Number of protein chains: 2
Amino acid sequence: MVPGSLRTLLAGCGATVVRPILLRHAGHSLRSNCSSKLVLLSRHYSSGGAPRLTADANPYVKRADFKRLSVDDISYFKSILSAQEILEAGDEENLEFYNEDWMRKYRGQSRLVLRPRSTENVSKILSYCNEQKIAVVPQGGNTGLVGGSVPVFDEVVLSTSQLNKVRHFDEVSGILKCDAGLILENADQFLAEKGHIFPLDLGAKGSCQVGGLVATNAGGLRLLRYGSLHGSVLGLEVVLPNGEIVSSMDALRKDNTGYDIKQLFIGSEGTLGVITGVSILCPPRPLAFNVCYLGVDSYETVQKVFTKARSELGEVLSAFEFMDASSQKLTKHHLKNVPSPLEDEFPFYILIETSGSNKEHDDAKLETFLENAMNEELVLDGIIAQDETDFRNIWQWREFIPEASTAGGGVYKYDVSLPLKDLYSLVEAANEELDKKGLMSMEDSSKPVITSIGYGHLGDGNLHLNVAVRGYCKEVEAALEPFVYEYVASKNGSISAEHGLGFQKKRYISYSKSEPEIRIMKALRRQFDPNGILNPYKYL
Amino acid sequence: MVPGSLRTLLAGCGATVVRPILLRHAGHSLRSNCSSKLVLLSRHYSSGGAPRLTADANPYVKRADFKRLSVDDISYFKSILSAQEILEAGDEENLEFYNEDWMRKYRGQSRLVLRPRSTENVSKILSYCNEQKIAVVPQGGNTGLVGGSVPVFDEVVLSTSQLNKVRHFDEVSGILKCDAGLILENADQFLAEKGHIFPLDLGAKGSCQVGGLVATNAGGLRLLRYGSLHGSVLGLEVVLPNGEIVSSMDALRKDNTGYDIKQLFIGSEGTLGVITGVSILCPPRPLAFNVCYLGVDSYETVQKVFTKARSELGEVLSAFEFMDASSQKLTKHHLKNVPSPLEDEFPFYILIETSGSNKEHDDAKLETFLENAMNEELVLDGIIAQDETDFRNIWQWREFIPEASTAGGGVYKYDVSLPLKDLYSLVEAANEELDKKGLMSMEDSSKPVITSIGYGHLGDGNLHLNVAVRGYCKEVEAALEPFVYEYVASKNGSISAEHGLGFQKKRYISYSKSEPEIRIMKALRRQFDPNGILNPYKYL
């Protein structure tokens, strides 16, 4: 990495800060290459053979009374779909991909994957399954982290991966209409050529699909700037469990005619209907990006730097991520070919991104902010990206953390919302708990836990607690659950900030939602899916 | 107004633009004084006595089989509420306020207004009304424009006006928790003192209430910058028709645990439950504001200036309003004490507001933008506010339009979303229709229509079509409805961008929503309110 950290450059003066070279956007995402590679690589990290069957690992879950697939059923699907739209028993390697989740923690037993190429075919499939009481798991890019998109038993997998076209883009309004299976990175590349940006970004962008993002109400790295999908999704095309197609794809930016029913599908994790089309508002693409990486002495200082950044960087602040020392040590251990941004080690690190319409103005704002933060001794050392390579490298030290967490064998991931002041205390409490039970050691490979780390989107009050393990085991799970959920509930937090409920958190929703809320949700699910064929054993 | 329009200042040069004096925010809303006055004044404009009873003017609506209030019912309410929480028959002047809408177009016949001071009392009232099958109209500030918040027959009015406290504000996250009846202006003044801003602004801010804004999913003047309430509302406290209190007030910025049911209440216009508390994300208050008022030659140019503004002003653009010549002529006729911003007349006018964190940067962006727009001959003339008085005056030429529209006797208001290219064509089509039927004349007072004008939030694709009339009459209504709705539907627009459905548009929802969508909505309403006691005769 470029020599000359902020500390050196600012030594003895209050005026000179290294001038960052701002990165003009050249028609593609600045981080696109690395992130898609990360996702592909991840499959090779897990140790040993296939993960245990979810049904075996969780014997309390019993198969419900859904119809088992018959020869007639397969014949019916073959009569309405082309050969490219069906994967069946015999094609084990491919079936495996759809049965296993990204973390290799959950494994289903589906013998049929349908990959329809049109909304009409989705409709025919669901209509038939509903009549025949065949259970269905809708699946997007299968990058979820709570086991929500893979089967538990023999559910049919309904993949949106072949519904992957851009339908329409309006350059004046910035409204993109696309199929649900369009991969985020492809959507963003398309938008970049038009001078716009997808209002959401995340590490799995090379695999995750727009429809899956909406179905799980993904948050990601740009929420601080562009807000949640509840604000930016303008319309959806959804196939209901009975096969009926409901579309609000023509919706404009404002529409106050009746209940905003599309909102129910945002974050419904495939339990109310299958999203086949998305209409979403995409802001103008910023012309200038900056990123800096800072070392600070405590979590308290992290919060102070955040308040300062929000006030002084104002409308150009686009990301504020924090990482603890353990997360960066673990990253250092596994991210061999990317130099560490800072030579010294610090208790906490901060990544700040700015993006705006005027290079000079953004530079000036960031310089002034960093100068003040150094002079006030909030920031101990830091570095600003000087070119596109730096920009990517710095982001990798944040985006590689999930990979580094699984590299030792596996990871227990908790994604919670907490009031800012309490945010990091959960990591400390979890470490204490794991220590107390003698389950954790960086060196001693007889201990199941390697380390427990904390990082996340501070601007959104969103903490990722990752417990990196040498393998999945009941002792660690028993130490963490319901401990983590109880801790979060005691601080009025949410047990799932952005990852959703899926299979993992189905039983824990009452830590974040009240009895009347859960009752309303169950009634809604029954209303939309009276036969309960969509994504059973999960969510509620 | 300050002399020296842009045209004069820019004559013969491409470099010198008058330097705007940016307005630092001094702990109160820049437009607060005028807007609250406008709302109070509005009551005095209408000609003649009380408006016709809604029931008489719309004989097709029949009273449903709700219980008529008995002496026992009144006694019950008196047993649970204090004297200050009840207005009953005998207090005619006060009852009138709750029975009549802001436009004096709708008039109900309620003989009982309840103004509970606690959520618990709202709960007791609804529980009783639900058991007894007594119809209830929830009412906020009663500033709605579609007759949604006033009774049609003898429904009990449940006013939130005495639920008006700030509950909590978190200075780090910017999350405000307040009662539903808090007046928008009061909320914004409270936030100003904390360096934050309410993410929504509108002309009726002196009267409208936060809960009412949420219940009607109000859009207003800051949507372009801060997005819709579906994104910024984080939690709600709602009393269901059966009296049950459902709260998500503790919710943090991100929470993916189950369906986001609060979204259903946003824009439900009091048909699913009564909102009693709101938790909302309030951004840091910009430190610098600019406003300019420009004259252009055509609607086509308005669109070009918008595209240019969005690109060059980027993240500091906070409002882009357009107004046609007729709207400004009508305003000139009634807004006697505020000088016209520009001496000459133009076919279209544009108001642009910027707000940001750095005065110098914002100035520079606006100057460069205007200089280019003048040199490219997009903008024919314009003026930039030089001080706070200018700032208020310019905004008045936009915000006074609704008042000017009613000043001649009454107004038919249509608030629609249309694709940008088609936005203004509706005004032309409506004018043609009214002309063809011989109903319109500025001078001839025997014609019912004075003029028909168009203006609105261009950045949101939102047009306000106001047909200013000398009095309400069936001929004009027949010329406009369903003509306007059919026109909007033919362009795939929305018949209500932000005003909602209320009483006025209940019968026209099918112009904007499909049969399956309407069926889902009706099922939702039945699920939440099986006895149909909340806001009957409206919405769906």
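As a basis for the values below, the full set of heavy atoms in this structure was taken, side chains included, without hydrogen atoms, waters or symmetry mates. No experiment lies behind these values; they were computed from the predicted model shown. Lettering of chains follows the sequences in order, A, B, ..., and the numbering in each one begins at 1.
Between B/Ser228 and A/Gly231 the shortest heavy-atom distance is OG-CA, 4.4 Å. Shortest non-hydrogen contact noted between B/Arg253 and A/Asp460 is CB-O, 3.6 Å.
For B/Leu501, the parts sitting under 4.5 Å from any heavy atom of chain A are the backbone and the side chain alike. Within the 4.5 angstrom heavy-atom criterion, only side-chain atoms of A/Phe528, from C-beta onward, approach chain B. Heavy atoms of A/Arg525 lying under 4.5 Å from chain B belong to its backbone as well as its side chain. Only the side chain of A/Ile509 has a heavy atom closer than 4.5 Å to any heavy atom of chain B.
No side-chain heavy atom of B/Glu269 sits less than 4.5 Å from a side-chain heavy atom of A/Asn256. In this structure, the side chains of A/Asp170 and B/Leu420 stay at 4.5 Å or more apart for every pair of heavy atoms. Between B/His361 and A/Asn358, every side-chain heavy-atom pair lies at or beyond the 4.5 Å cut-off. Side-chain contact between A/Thr257 and B/Ser494: present, with at least one pair of heavy atoms (C-beta onward) separated by less than 4.5 Å. Side-chain contact between A/Gln527 and B/Leu524 is present, with at least one heavy-atom pair separated by less than 4.5 Å. Taking 4.5 Å as the limit, some side-chain heavy atom of A/Val246 sits within range of a side-chain heavy atom of B/Glu517. No side-chain heavy atom of A/Leu264 sits less than 4.5 Å from a side-chain heavy atom of B/Gln263.
Top candidate by heavy-atom pairs under 4.5 Å with chain B, chosen from A/Gly195, A/Ser496, A/Pro283, is A/Ser496. Considering only heavy-atom pairs separated by less than 4.5 Å from chain A, the leading option among B/Leu224, B/Leu229, B/Ile266, B/Ile518 is B/Leu224. In terms of non-hydrogen atom pairs under 4.5 Å with chain B, the most contact-rich of A/Glu498, A/His230, A/Arg225, A/Gln303 is A/His230. Top candidate by heavy-atom pairs under 4.5 Å with chain B, chosen from A/Glu515, A/Lys365, A/Lys505, A/His499, is A/Lys365. Among the candidates A/Ile175, A/Leu281, A/Thr271, A/Asp415, the residue making the largest number of heavy-atom pairs closer than 4.5 Å to chain B is A/Thr271. Ranked by heavy-atom pairs under 4.5 Å with chain A, the list B/Ser355, B/Gly219, B/Gly267, B/Ala523 is led by B/Ala523. Counting heavy-atom pairs closer than 4.5 Å to chain B, the top residue among A/Gly500, A/Ser514, A/Gly461 is A/Gly500. Among A/Ser247, A/Gly258, A/Gly227, A/Ser512, the residue with the largest count of heavy-atom pairs under 4.5 Å with chain B is A/Gly258. The greatest number of non-hydrogen atom pairs below 4.5 Å with chain A, out of B/Leu252, B/Ile245, B/Thr216, is found for B/Leu252.
For residues 307-316 of chain A, the interface with chain B (any heavy-atom pair closer than 4.5 Å) comprises A/Thr307, A/Arg310, A/Ser311, A/Glu312, A/Leu313, A/Gly314, A/Glu315, A/Val316, sorted by residue number.
For the atom pair OG (A/Ser173) and CZ (B/Phe306), the distance works out to 8.5 Å, reported to the nearest 0.5 Å.
Under the 30°/60° scheme for interplanar angles, the aromatic rings of B/Tyr259 and A/Tyr539 are found to be tilted.
Salt-bridge check for A/Arg519 with B/Glu244: passed, with a basic side-chain N closer than 4.0 Å to an acidic carboxylate O.
Put simply, the residue from A/Val416, A/Asn217, A/Asn462 that forms a side chain to side chain contact (heavy atoms under 4.5 Å, CB included) with B/Lys254 is A/Asn462. Checking each of B/Asp255, B/Asp260, B/Asp250 against A/Lys513 for a salt bridge (charged side-chain N to carboxylate O under 4.0 Å, His left out) leaves exactly one that passes, namely B/Asp255.
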